[in-house]
Amino acid sequence: ANNETDSVSVVDTIGKTPDTVYTLSSELYTADPSAHVFNGKLYVYPSHDFESGIPEDDLGSHFNMEDYHVFSMDSVGGEVTDHGLALHIDDVPWAGRQMWAPDAAHKDGEYFLYFPVKDKEDIFRIGVAKSTTPEGPFKAMDKHIEGSYSMDPAVFEDTDGKYYMYFGGIWGGQLQRWRNNEYHGEDTYPADDAPALSPKVALLADDMAGFAEEPKDVMILDENGNPITTGDNNRRFFEAAWVHRYKDKYYLSYSTGDTHKIVYATGDSPYGPFTYRGVILDPVLGWTNHHSIVEYQGKWWLFFHDSSMSGGKTHLRSVKMTQLKHRPDGTIQRMNTYVE
Ligand code: FUB
């Protein structure tokens, strides 16, 4: 065992402050970063925060974003390019308001931007837009993904060439208005001692523009094999699902929302079940916590955001990145990046 492994294992009830944290942009407010490596470059697909003047509420109405920019870099700590407008809400025929956390994928020379936005009935759906380049601009399809709902899509490409979309989020993300993929419109949650609402997963169709199957629940279990419950709000899923693969294990990470942490669970299949393992990132300045994890140039990186650049305004966030470390036993070193 090396010294670092020994020391972090003992003190993992709080996060370690990383040596170096990089900021994506000092020009735009950005959030919810989804990072991918395409053609040897690191691309980041974030939300684009701006001040729209909508008052803050529990449904996140103040997150009233209207467009996306894509960023890229050739090396960590090197120059970051803002590729400009990638997609605007005015160019999505079915969209109503609130362009939230996007993701992207690449297949056979085409790039796909997946984005959650409320439709004209104010129901969150997930759209897809296409481009021949990773930075766009992207052309939105006429309709949202059939059978999609809620928000925070994250697309995971497995080593066998299959792509899975994870999605969902409670409170403003509206997952609590759905059961068994049917909309019932009411804000209803399972009882505190019942299994919590799960993120969803669906295999993507060959054309990457739809689901190849009905979305399924992603079960998150505790150390005894029992589902994490609604009342366990330090560990239950809230939003921001992300999946990465490390040494043949699947890692599902997500935000605990009102307890403001990024946590993770591991499993043996992209469908789960996943067993809760611990905290990756302690709360940041600002209410939301949302991340992605990617391997680039032989190291693993955690992308996240905080509200430090706006002096603490929750809806005006900035994307940052720092190194993420898997220990030899597969657990992830907990981090605390809090700054005012
Ligand atoms: O950026 C809007 C919403 O805030 C995202 O969709 C959530 O994950 C949270 O970060």
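Values below: every heavy atom of this structure, side chains too, minus hydrogens, waters and symmetry copies. Counting starts at 1 for both ligands and their atoms, following the listed order. Nothing fancy with the numbering, it's 1 onward along the sequence.
Ranking the protein heavy atoms by distance from atom 10 (O) of ligand 1 puts D32 OD1, 2.6 Å first. Of all protein heavy atoms, the one closest to atom 6 (O) of ligand 1 is D152 OD1, 2.6 Å. Closest protein heavy atom to atom 9 (C) of ligand 1: E239 OE2, 3.3 Å.
Listed by atom number, the atoms of ligand 1 under 4.0 Å from H290 heavy atoms are 7 (C), 8 (O), 10 (O). Near A101, meaning under 4.0 Å from one of its heavy atoms, ligand 1 places the atoms 6 (O).
Taking the ring centre of Y276 as origin, the terminal cationic atom of R235 falls inside the region bounded by 6.0 Å and 45° from the ring axis.
For the pair M65 and ligand 1, a heavy-atom separation below 4.0 Å is found.
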Taking distance alone, no hydrogens or angles, what donor-acceptor pairs closer than 3.5 Å link side-chain atoms of residues 21-29 to residues at least two apart or in another chain?
unit_1 : atom_1 : unit_2 : atom_2 : d
S25    : OG     : E27    : N      : 3.0
S25    : OG     : L28    : N      : 3.2

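With a heavy-atom cut-off of 4.0 Å, R317 touches ligand 1 through its side chain alone.
At distances below 3.5 Å, not a single donor-acceptor pair connects side-chain atoms of S72 with backbone N or O atoms of Y43.
Around CG of N180, the count of heavy atoms belonging to other residues, nucleotides or ligands within 6.0 Å does not exceed 12.
Partners of Y338 according to the ring pair (Phe, Tyr, Trp, His ring centres under 6.0 Å) rule, which considers only residues two or more places apart in sequence or in another chain, do not exist here.
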request  = Take D103 and F112, measure what side chain to side chain contact (heavy atoms under 4.5 Å, CB included) needs, and give me the verdict at the end.
outcome  = CA-CA 8 Å; D103 194 14; F112 302 86; over 6 Å; no

